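Some notes on the structure that comes next.
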Number of protein chains: 2
Amino acid sequence: MGKATIGDVAARAGVSKSTVSQYLNKRYQHMGQETRTKIEEAIEALDYRPNVLARGLKQKRTGSVGVIVANIMHRLSTEICRGIEDYCQEQNISVILCNSDEDGEKEKKYTEMLQAKQVDGIILLPTGKNGPLYESLAEQGYPILFMDRRVNNVKADTIVVDNRKAVTRAVEHLASLGHRSIVLATGPLTISTRTERTEGFRAAMRELGLDDGSGNIINAEISSLKDRLGKRFEEPEAPTALIAGNDLVLLEALAFVKEQGLRVPADLALVAFDNIPFAHLLTPTLTTINQPSLEMGRKAAERLITRIRSEEAPEAAEFVFECELVVRESSGQAR
Amino acid sequence: MGKATIGDVAARAGVSKSTVSQYLNKRYQHMGQETRTKIEEAIEALDYRPNVLARGLKQKRTGSVGVIVANIMHRLSTEICRGIEDYCQEQNISVILCNSDEDGEKEKKYTEMLQAKQVDGIILLPTGKNGPLYESLAEQGYPILFMDRRVNNVKADTIVVDNRKAVTRAVEHLASLGHRSIVLATGPLTISTRTERTEGFRAAMRELGLDDGSGNIINAEISSLKDRLGKRFEEPEAPTALIAGNDLVLLEALAFVKEQGLRVPADLALVAFDNIPFAHLLTPTLTTINQPSLEMGRKAAERLITRIRSEEAPEAAEFVFECELVVRESSGQAR
DNA sequence: TCGGTTTACTAAATCGGTTTACTTCAAGAG
DNA sequence: CTCTTGAAGTAAACCGATTTAGTAAACCGA
């Protein structure tokens with residue numbers, strides 16, 4: 001037997017579809033207690049469950065949001081997703097998860113797909129490669145929220161961390177241990193996270209009277225990172241400390257350290273962005289810059305859903321979270 | 001302006017909705033080239049995108065599948081999700097992600113929600129706490145697929161790894177290094193993964209003429225694991241090797257090792273299930289039993305989608321993947 | 001030039017709900 | 001006894017697509 005419909009329930013309860021619909025939506029004002037009971041029984045007997053497609057078609061709300069992340073395999077993305085999921089679960093909203101793979105085309109395809117699916121809103125960890133798309137979404141008044149990375153010229157809610165402050169703290173921490181030649185390594189400057197960290201780094205170094213020349217800033221593709229590090233170490237004033245811009249950079253840095261037989265922190269102190277799991281189990285344990293990813297995810301979902309439910313779209317806002325510097329063994333005294 | 005509908009397109013192209021619908025579904029047989037062009041133009045001009053809710057309502061297919069995992073934060077779950085997502089992306093299917101949190105109630109709520117959403121099928125990493133639910137889904141002929149954990153008495157596709165063989169290899173490996181007192185530590189025996197590993201362990205130990213008594217098997221809640229380990233180490237024939245049943249157990253084991261000041265592998269050799277990230281960066285590097293999680297995820301999606309698309313449901317099948325023992329430093333020679 | 005095909009297209013029903021506007025009936029007011 | 005009002009409920013339109021059954025016009029052979 002096919003699934004029961006509202007019509008079946010109505011027939012069995014001996015009332016009209018309209019009344020059943022009222023019941024389903026908990027509008028009991030115009031309904032006798034008796035009718036209510038009959039409907040309840042019919043629903044129970046038929047194991048009826050409303051078709052949310054049909055409902056969504058009429059109501060123009062589907063109770064689902066889309067999330068597009070660059071890559072769910074990154075720890076940060078996973079944690080953000082979990083935060084989003086947690087909140088949505090409480091609110092009975094379902095989450096459609098998409099991986100853009102840092103590919104602008106996929107990102108575009110996905111936003112279109114999500115809109116076709118009539119999701120009520122989208123949370124985007126943007127690739128940054130679809131400026132016009134972001135703008136048009138925001139202008140349409142479509143509920144959209146950006147995370148982790150800022151996009152320019154787009155009036156939409158944004159949730160990020162204070163990258164400048166985070167990197168400043170890391171630099172100050174290392175400087176306080178006597179480090180003077182500190183290197184920052186990140187991927188190419190294609191997204192706000194990296195540019196902000198780079199700028200923050202430059203400013204902090206200058207502030208402390210340390211070399212702020214570009215020699216200590218490495219913005220390179222992961223694949224050429226070890227090369228670049230190798231070259232830097234051959235130059236005068238070899239680095240005594242390194243800040244890794246994310247988990248992938250850290251992996252390369254650790255591989256470099258291993259190959260060169262460097263000792264941490266004696267030869268090179270290490271600080272890494274991202275909530276590296278096992279940071280406390282590595283030898284030496286690793287100093288990290290943690291992001292409150294779960295809370296950020298929760299906040300994102302909360303903000304988006306509030307926006308969806310409120311009649312008028314509130315002014316676009318930016319929420320800035322603080323990172324936490326967790327000092328462990330890898331950032332030790334300079335020689 | 002509200003979004004354009006098929007009616008708007010039809011009006012603008014000067015044809016009927018039916019014709020536009022034919023066009024959308026690429027049934028050009030009964031359509032003049034001229035009409036086709038006009039429709040194309042209208043769609044372009046109005047930036048029309050079909051409403052998949054409406055389509056799904058009529059067609060009874062939504063092009064989306066649900067995935068319920070116990071906890072996305074587990075590395076294994078994340079990887080499985082990624083595999084599923086990859087395949088679905090290729091097939092233009094969207095993925096609704098749910099976290100059951102090992103909570104039977106949530107799992108139930110989610111399956112109901114997914115069915116209400118008319119998803120075409122469900123991939124479940126079951127909590128194991130909803131036997132009747134699993135059965136009824138399978139009996140209804142609803143496309144459902146179980147992963148990672150087997151469920152009894154349910155005729156449905158299942159994707160698992162060969163846990164017995166995996167644990168046997170690990171035991172043999174350790175035995176070949178001279179270890180005679182090997183301990184297996186897992187969580188409580190509530191799911192097939194753990195019981196299979198435990199049984200496989202027992203069999204392998206017996207096969208090798210080693211102590212197969214239950215003294216070397218610890219099935220305990222994570223919270224009491226360190227206690228149990230401590231007690232076992234006070235008994236005669238202290239363990240020289242430990243197999244950790246998953247990543248959480250490993251964390252406890254490592255904490256225990258640290259507290260007790262044990263040296264790995266000199267005092268205790270370690271082997272851990274799951275694709276622990278950083279396994280190759282820990283000191284010593286960690287021997288792991290890797291699961292082909294990405295392929296398993298892909299396979300799951302492929303199988304489910306094939307089943308959805310085929311008219312008749314194929315016979316339920318079980319797909320068993322092999323684990324890979326990756327030997328690193330933590331499993332060294334016994335004293 | 002007439003009946004039969006083919007081609008190109010359309011009207012209307014349908015999917016399963018929600019919502020609006022209306023009806024019916026009983027009780028209370030005057 | 002009539003009029004108003006409120007309670008309880010319903011018929012029908014609607015959401016935006018697909019699909020079925022059918023039609024109008026062109027073409028074609030005899």
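Being a predicted model, the structure only gives us computed values, none of them experimental. Convention: sequence-line order gives letters A, B, ...; per-chain numbering from 1.
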Distance to the ring centre below 6.0 angstrom and angle to the axis at most 45 degrees; does that hold for B:Arg36 and B:Tyr28?
yes
With a 6.0 Å cut-off (strictly less than), is the heavy-atom count around NZ of B:Lys108, excluding the residue itself, greater than 12?
no
Electrostatic pair A:Arg12:A:Asp8 at N-O distance under 4.0 angstrom:
no
Report yes if a donor N or O on one partner sits less than 3.5 Å from an acceptor N or O on the other, where the partners are the side chain of B:Thr35 and the base of C:dA8; otherwise report no.
no
Across every strand shown, the nucleotide meeting Watson-Crick or G-U wobble geometry with C:dA11 (both distances under 3.5 Å) is D:dT20
Using 4.0 Å as the upper bound for N to carboxylate O, is an ion pair formed by B:Asp157 and B:Arg303?
yes
C:dG17 C1' sits how many Å from A:Asn25 CG, rounded?
9 Å
Can you check whether A:Lys3 has a side-chain N or O nearer than 4.0 Å to OP1 or OP2 of C:dG16?
no
Take atom CE of A:Met31 and atom P of C:dC25, then tell me their distance rounded to the nearest Å.
20 Å
Indicate yes or no for a side-chain donor-acceptor contact from A:Ser293 to the backbone of A:Ile80 under 3.5 Å, with no hydrogens or angles considered.
no
Given atom CZ of A:Arg27 and atom C1' of C:dT18, what is their separation to the nearest angstrom?
8 Å
To the nearest Å, give me how far apart CG (B:Leu53) and P (C:dG16) are.
15 Å
Looking across every strand, which nucleic acid part, if any, lies under 4.0 Å from A:Thr19 by heavy atom: base, sugar-phosphate, or nothing?
base
Residue closer to the 5' end of DNA chain C, B:Gly32 versus A:Gln59 (nearest nucleotide)
B:Gly32
Looking at the side chain of B:Lys17, which of C:dG16, D:dA11, D:dT18 is the nearest nucleotide?
D:dT18
Need to verify one output field. Residue with the more 5' nearest nucleotide on DNA chain D, B:Arg55 or A:Ala54?
A:Ala54
At under 4.0 Å between heavy atoms, what does A:Tyr48 touch on the DNA or RNA strands: base, sugar-phosphate, or nothing?
sugar-phosphate
Which part of the nucleic acid, if any, lies within contact of B:Ser21, taking any heavy atom under 4.0 Å across all strands shown: a base, the sugar-phosphate backbone alone, or nothing?
base
Which of these nucleotides, D:dC15, C:dC15, D:dA17, is closest to any side-chain atom of B:Asn51?
D:dA17
With a non-hydrogen cut-off below 4.0 angstrom, is B:Tyr23 in contact with a base, only sugar-phosphate, or nothing?
nothing
My understanding is that a pair needs two contacts under 3.5 Å, Watson-Crick or G-U wobble. By that rule, which nucleotide pairs with C:dA27?
D:dT4
Please report the distance, rounded to the nearest Å, between CG in A:Asp8 and P in C:dC15.
11 Å
Side-chain donor/acceptor of A:Ser18 to base of D:dA11, under 3.5 Å
yes
Which listed nucleotide (C:dG16, D:dC15, D:dA17) is nearest to the side chain of A:Thr5?
C:dG16
5'-most contact on DNA chain C: B:Lys58 or B:Val15, nearest heavy atom basis?
B:Val15
Rounded to the nearest Å, what distance is computed from the CG atom of residue A:Leu57 to the P atom of nucleotide C:dT14?
17 Å
Write down the partner of D:dC27 under the Watson-Crick or G-U wobble criteria, each distance required to be under 3.5 Å.
C:dG4
Distance check needed: D:dG16 P versus B:Leu24 CG, whole Å only.
15 Å
Round to the nearest Å and state the distance from A:Arg61 atom CZ to C:dT18 atom P.
11 Å
Flag, side chain of B:Asp120 to backbone of B:Gly63, donor-acceptor distance under 3.5 Å
yes
